[in-house]
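Chain letters run A, B, ... following the sequence lines, proteins first, then strands; residues in each count from 1. Just the heavy atoms: all of them, side chains too, but no hydrogens, waters or symmetry mates, feed the values below.
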Protein chains: 2
Amino acid sequence: MVEDDIFRALADPTRRAIFEKLAAGSMNASALRQGMAISQPAMSQHLAVLRGAGLVREARQGRFVNYDVDPAGLALIAQWLAKYRAYWPARVDALEAVLKEMDQ
Amino acid sequence: MVEDDIFRALADPTRRAIFEKLAAGSMNASALRQGMAISQPAMSQHLAVLRGAGLVREARQGRFVNYDVDPAGLALIAQWLAKYRAYWPARVDALEAVLKEMDQ
DNA sequence: GAAACAGATAAGCAGACGCTTATGTGAAGC
DNA sequence: GCTTCACATAAGCGTCTGCTTATCTGTTTC
């Protein structure tokens, strides 16, 4: 299951921290490691998990590998969350209604 | 961390299935077990995890315990997700703008 | 109050997770 | 082409998960 990978990836605080850093701007693995008390292999493994979950994308640039947030993963979470919109605060529900009007 | 609990709770497919069932309507543990090939202790343990994450609430009713979706947990996910709205599809972003107008 | 029932908790165990150290791979620079 | 650098992968290890069976707690019913 794809959702398994996404939620499992985000269950680790270190991985969420990495993701948060990437959300502020794309970076390579070394830059990500700055100020994070984490070994190089650990970072590589975390990035592999995030990538496998569709939360992060990679792009080789010479001998660096640049990572950035993959909207696909976030979209899946939003989609999952939308299934339970009945339980969201009324304010968010009202927003949904407006969205539908906008689409028409 | 609260988010640890939430994402960890949802990382398990069985727990997501339980949550999905509860989203369709509140139920006691026995009813939840119907058609789920899961032992009574396992169900109890899963519900404890979901409850600990703020995704589910319980209410004693005689010798039954009724469970239902706790909006608090979902709200936290929505809040977490909102931090990365920059990466959502443009359509959702437009929606956010409308919401702000509505609030004023 | 004893039996029956809904559910929680305890203990134990196989498998998964996240880390470590060591080594491999691919590109850059001389 | 050899070294250096950025990163990935392999192997091993302690810890955590999710399951099981067995037992306990609390409530209803007679």
Side-chain angles (χ1 to χ4, degrees), chain A residues 1-22 24-70 73 77, chain B residues 1-22 25-70 73:
Chain A
M1 263 286 199
V2 188
E3 279 141 359
D4 276 46
D5 298 329
I6 292 188
F7 286 122
R8 214 170 46 72
L10 293 173
D12 185 80
T14 305
R15 273 195 295 265
R16 281 205 311 282
I18 293 170
F19 183 80
E20 206 149 328
K21 257 193 158 181
L22 280 179
S26 74
M27 250 181 263
N28 59 53
S30 298
L32 275 169
R33 225 147 69 74
Q34 301 271 27
M36 275 204 77
I38 192 177
S39 72
Q40 179 268 315
M43 174 59 78
S44 183
Q45 288 160 15
H46 279 311
L47 286 170
V49 172
L50 286 168
R51 192 177 175 283
L55 285 162
V56 147
R57 288 176 304 193
E58 62 175 55
R60 264 252 166 211
Q61 280 182 359
R63 62 184 169 186
F64 294 83
V65 176
N66 211 268
Y67 285 92
D68 76 322
V69 168
D70 187 344
I77 302 177
Chain B
M1 261 288 199
V2 189
E3 279 141 359
D4 276 47
D5 298 330
I6 293 188
F7 286 122
R8 217 170 44 73
L10 293 173
D12 185 80
T14 305
R15 274 195 295 267
R16 280 204 313 282
I18 293 170
F19 183 81
E20 207 149 328
K21 256 193 160 181
L22 280 178
S26 76
M27 251 181 262
N28 59 53
S30 298
L32 274 169
R33 222 145 74 71
Q34 302 271 26
M36 275 204 77
I38 192 177
S39 73
Q40 179 269 314
M43 174 60 77
S44 184
Q45 286 160 16
H46 279 310
L47 286 169
V49 172
L50 287 168
R51 192 178 174 283
L55 286 163
V56 146
R57 290 175 302 194
E58 63 175 55
R60 263 253 166 209
Q61 281 183 357
R63 64 183 167 186
F64 294 82
V65 177
N66 209 267
Y67 286 92
D68 75 321
V69 168
D70 188 344

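- One interatomic measurement links the two molecules: CG of L50(B) to P of dA8(C), which rounds to 12 Å at whole-angstrom precision.
- At whole-Å resolution of the value, CZ in R33(B) and P in dC5(C) are 14 Å apart.
- For the pair A9(A) and V49(A), the tightest heavy-atom approach, listed with the atom from each and the gap, is CB-CG1, 3.9 Å.
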Sequence-aligned protein contact record of nucleotides 14-26 of chain D, with B where the base is within under 4.0 Å of a protein heavy atom and S where only the sugar-phosphate is: ---SSBBBB----
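- Rounded to an integer number of Å, the gap from CG of L47(A) to P of dA6(D) is 15 Å.
- Distances shorter than 4.0 Å separate some side-chain N or O of Y67(A) from OP1 or OP2 on dA8(D).
- Put simply, CZ on R15(B) and CD1 on I38(B) are 9.5 Å apart, with the number rounded to the nearest 0.5 Å.
- Across the protein-nucleic acid pair, Q61(B) atom CD and dG7(C) atom P stand 11 Å apart, rounded to whole Å.
- Of all heavy-atom pairs spanning M36(B) and T14(B), the tightest one is CE-O, 4.2 Å.
- R51(A) places its CZ atom 14 Å from the P atom of dC7(D), with the value rounded to the nearest Å.
- Scanning all heavy atoms of the two residues, the minimum distance from A29(B) to L47(B) falls at CB-CD1, 3.9 Å.
- Here the options are V65(B), L22(B), D68(B), I18(B), the test is side-chain contact (heavy atoms from CB on, under 4.5 Å), and the partner is M27(B); only L22(B) passes.
- Nearest heavy-atom pair across D70(A) and G54(A) is CB-O, 3.3 Å.
- Distance F64(A) CZ to dT4(D) P: 17 Å, rounded to the nearest Å.
- E58(B) has its CD atom 17 Å from the P atom of dA6(C), to the nearest Å.
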